[in-house]
Amino acid sequence: MSISLEQVSKSYDGGAAVSDVTVDIGDGELFVLLGPSGSGKSTLLRAIAGLTTIDHGRIVLHGRDVSNVNAREREVGFVFQNYALFRHMTLADNIEFALCARHVPAARRRKRRQELLKLVSLEGYDHRYPTELSGGQQQRVAVARALAHEPRVLLLDEPFGALDAKIREELRRAIRDIQRTVGITTILVTHDQEEAFSMADRIGVMDRGRLQEVGEPRALYRQPATRFVATFLGAANLLLGNYGYSDVRLGDSWFPVQRWSRSLCSGDEATIVVRPEDVEIAEQEDSLSVPAAGIAEVAELQFVGSIERLRLTLPASATLASALRPDADSFLLEAARTARAVEELPLTAGQKVWVGFKGMHALPTPISSLRLLARTSEAFEELANSVLVRELAERMRIAPVRIDPGAPGTAALRGMPVVSLRQADDLSEPLGLLDEGARQVLVLLHAGQRAERMLILVEPSATARDATLAAAASLARHLTIDVTMLVHVDKKSGRGTRYRELLDLRNTSLRSHGLDIRTETYHGSLRDAVAARQSSPGQVLLVAGLASLDGRLLGSLKEIVRETPPAGLVLVSGRAEREARKQATMSRQYIALAR
Ligand code: ADP
Ligand code: MG
């Protein structure tokens, strides 16, 4: 491995700039860090280069832990966004700068400089000054300069930032060629997804200090794990459907889904991503090549040459709704057609058409919707305006739905039901919901408080493990919050969680849920352990996996809620997970039989 980052974290006064970033980058790989402005990309890059210190974690370059090694000795070359060439020096002096600092003899410097100018296609420009070059040429010199001392890692921070479109395109190709020729492990930072797609071997998407997802460009586009990445990498319709055993129901039809989260099961609400190019449109149901999801009305058409963009209005139902506004009566579906398809079936606004989906992808998040249980609209407003719900709703782009707890039906059990307690330690309502089949419930205790820390409570061998990690990962990706898993270790008897299991837990969390978690062990009572991590009420969000609804953990939680209430408590049921396992076995048997 060329670059290994382990839980790298960095905070400034304003809060966390980089949170627990863990990733391995292979030899010769071109890794693109992509994310909106302020997401922590530059901070992470500077930390790798040694230009900024880190608060926590490890940075390993080619097997050597350089976390405490100074920048000069890290064998890293760095290119900044604003051409950082020395204006008063010739290109020759610019390129040789790092070599002079390292006392390389003049003859070798000259040889290296000439090699590099050739590499960046600027042979013979040795004696020019930066101001005599175009922006693109200057950035190529900056690359040459960064490579002069033969670093083993090249870091580029938005190197195309200040250039116009055509030059950017040329420079992208040039840098990609140089990187391939030299074979140097490279991290390139950009906020431009097209740039990321055109250059990367793999892309790491950052948002609010977290590395949200890592993958090859095509896989990230086709199978994102989060709403953020799904929508950041291109246009996407986010829909709510229903899981079946091995497929998803959207509207009137069932569609096969490619990926399937282990803890989601039949009957659960599914968050589905449909790209505009995967929406199929026909005049008749039987002209569709895929099952029909329903009938839509053409709301808007825009022809842009190679393709036509459309917006279609679809009526919402219990089996097909917008994941952004689950309670809207209808929603807009974005579609795109090729010019050829437009010729075959010209459409006009107001026309009714059949729609089906040629491809779709199910997000692994268990938080498909936010359902606030409120008897009155005032109670609903109160829940909706709580810090936690506001932050989740905004970041997940979900409009919370009001559910009347008195009304019969299963609507209250789907996605993430949210309740507040009528009495300080009366957990009967949330437990009732879990008992009726909700997979998780968010209990709000300090509505006005922002939780700084998430504490995950899960027994490694308990059945609620995957469901709890899935819920915690989804929450962590959307909240600005420090995440720690609390694990009980019995000092005297050596019982409790063994360290081997702890490592397994961390691996599962990282592999299946994309969340690297810090783990802290505690001895004695859970109440004391939580109290020690919460100096005043409302500072933590507890996420607890319940293997059963009457176990010991629940007793401790009641105690905590009564004595040192956290901002919120997420109770995750182990039942959904048992159910999912049973269904997985059943569908395997079913498939075996069908063969
Ligand atoms: P990006 O490169 O993705 O735009 P940065 O890494 O520059 O993001 O910044 C991440 C966050 O850290 C931002 O909120 C920014 O304001 C903050 N930050 C970055 N550098 C400093 C600094 N030197 N002092 C204080 N805050 C900083
Ligand atoms: Mg930056």
Side-chain angles (χ1 to χ4, degrees), residues 3 5-23 25 30-59 66-67 70-71 74 76-85 135 138-139 142-143 146 153-163 168 171-172 175 186-197 199-200 202-215 217 220 224 226 228-229 231-233 391 394-395 450 452-453 476-483 514 516:
I3 303 174
L5 306 181
E6 259 179 66
Q7 299 189 331
V8 172
S9 304
K10 171 78 180 178
S11 289
Y12 291 111
D13 288 344
V18 171
S19 306
D20 287 328
V21 169
T22 296
V23 67
I25 298 171
L30 200 167
F31 188 89
V32 172
L33 263 184
L34 172 69
S37 164
S39 56
K41 307 180 297 292
S42 296
T43 305
L44 184 59
L45 211 63
R46 295 173 64 82
I48 298 169
L51 300 173
T52 181
T53 57
I54 55 174
D55 306 334
H56 177 91
R58 267 180 10 128
I59 297 171
V66 298
S67 311
N70 73 37
R74 290 197 188 186
V76 163
F78 204 105
V79 176
F80 298 89
Q81 173 170 352
N82 317 319
Y83 334 105
L85 296 178
Q138 288 187 40
Q139 279 307 63
V143 172
V153 165
L154 178 62
L155 305 174
L156 306 154
D157 194 354
E158 312 230 20
F160 315 113
L163 303 169
R168 285 170 83 102
L171 191 61
R172 266 184 217 165
I175 289 188
T186 301
I187 303 181
L188 181 136
V189 161
T190 180
H191 63 269
D192 179 330
Q193 29 118 342
E194 196 185 311
E195 202 152 280
F197 278 129
M199 297 192 71
R202 279 190 309 157
I203 298 175
V205 184
M206 283 196 81
D207 185 35
R208 284 170 295 108
R210 276 185 201 282
L211 189 58
Q212 300 280 348
E213 285 184 58
V214 175
L220 269 192
T226 58
F228 175 75
V229 171
T231 48
F232 191 68
L233 292 183
E391 199 172 338
E394 191 187 307
R395 299 274 168 76
R450 154 180 241 104
E452 288 149 27
R453 200 158 184 205
R477 279 171 154 148
H478 295 96
L479 299 172
T480 306
I481 198 165
D482 203 54
V483 183
D516 195 4

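All residue numbers refer to positions in the sequence shown, counting from 1. As the structure lists them, so they are numbered: ligands from 1, and atoms in each ligand from 1. Given the structure is predicted, the values throughout are model-derived calculations rather than measurements.
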Q: List every atom of ligand 1 that sits less than 4.0 Å from any heavy atom of Ser39, numbering the atoms from 1 in the order shown and giving each element.
A: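 Those qualifying, in numeric order: 1 (P), 3 (O), 8 (O).
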Q: Is the shortest heavy-atom distance from the side chain of Gln193 to the side chain of Leu34 under 4.5 Å?
A: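 Side chain of Gln193 against side chain of Leu34, heavy atoms only: contact under 4.5 Å found.
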Q: Does a side-chain heavy-atom distance below 4.5 Å link Leu44 with Ile187?
A: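 With C-beta onward as the side chain, the pair stays apart.
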Q: Hey, does Gly40 come in under 3.5 Å of ligand 1, counting only N/O atoms on both sides?
A: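 Such a contact does occur with ligand 1.
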Q: Give me the nearest non-hydrogen protein atom to atom 1 (P) of ligand 1 as residue plus atom name, then the distance to 0.1 Å.
A: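 Ranking protein heavy atoms by distance from atom 1 (P) of ligand 1, first comes Gly38 N, 3.4 Å.
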Q: Below 4.0 angstrom, counting only protein heavy atoms, does anything approach atom 16 (O) of ligand 1?
A: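 No, there is none.
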Q: Return yes if a side-chain donor-acceptor contact under 3.5 Å exists between Asp20 and Ser9, otherwise no.
A: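 Present: a donor and an acceptor within the cut-off.
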Q: For Ser37, take its heavy atoms, then give the atoms of ligand 1 lying under 4.0 Å from any of them.
A: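 Contacts of ligand 1 toward Ser37, numbered from 1: 4 (O).
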Q: For a 4.5 angstrom cut-off between non-hydrogen side-chain atoms, does Ile3 reach Phe31?
A: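 Not in contact.
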Q: What is the nearest protein non-hydrogen atom to atom 12 (O) of ligand 1, stated with its residue, atom name and distance?
A: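 Answer, as residue, atom name and distance: Ala17 CB, 3.3 Å.
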Q: Just which atoms of ligand 1 are under 4.0 Å from any heavy atom in Pro36?
A: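 Numbered from 1, ligand 1 contributes 3 (O).
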Q: In the protein, which heavy atom is nearest to atom 2 (O) of ligand 1, and how far is it?
A: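 The protein heavy atom lying closest is Ser42 OG, 2.8 Å.
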Q: Counting non-hydrogen protein atoms only, what is the nearest one to atom 19 (C) of ligand 1? Give residue, atom name and distance.
A: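 Going by distance alone, atom 19 (C) of ligand 1 is nearest to Tyr12 CE1, 3.4 Å.
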Q: Taking all non-hydrogen atoms of both residues into account, name the closest pair between Ala49 and Phe78 and its distance.
A: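 In this case the closest contact between Ala49 and Phe78 is CB-CD1, 3.5 Å.
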Q: Under a 4.5 Å cut-off applied to non-hydrogen side-chain atoms, are Thr480 and Arg395 in contact?
A: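 A side-chain contact exists here, since the closest heavy-atom pair is under 4.5 Å.
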Q: Checking Ile175 against Phe160 for the side chain to side chain contact (heavy atoms under 4.5 Å, CB included) test, could you report, in this order, the C-alpha distance in whole Å, the side-chain angles of both residues, the deciding distance, and whether it holds?
A: CA-CA 10 Å; Ile175 289 188; Phe160 315 113; 3.7 Å; yes
Q: Can you tell me which residue and heavy atom of the protein come closest to atom 5 (P) of ligand 1, and the distance to 0.1 Å?
A: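 The closest heavy atom on the protein side is Thr43 OG1, 3.6 Å.
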Q: I'd like to check Arg172 versus Glu194 (side-chain heavy atoms, cut-off strictly below 4.5 Å). Are they in contact?
A: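 The answer is yes, as the side chains (C-beta and beyond) meet within the 4.5 Å cut-off.
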Q: Suppose we only count N/O/S atoms under 2.8 Å; would Gln81 qualify as near the Mg ion (ligand 2)?
A: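 Checking Gln81: none of its N, O or S atoms is under 2.8 Å.
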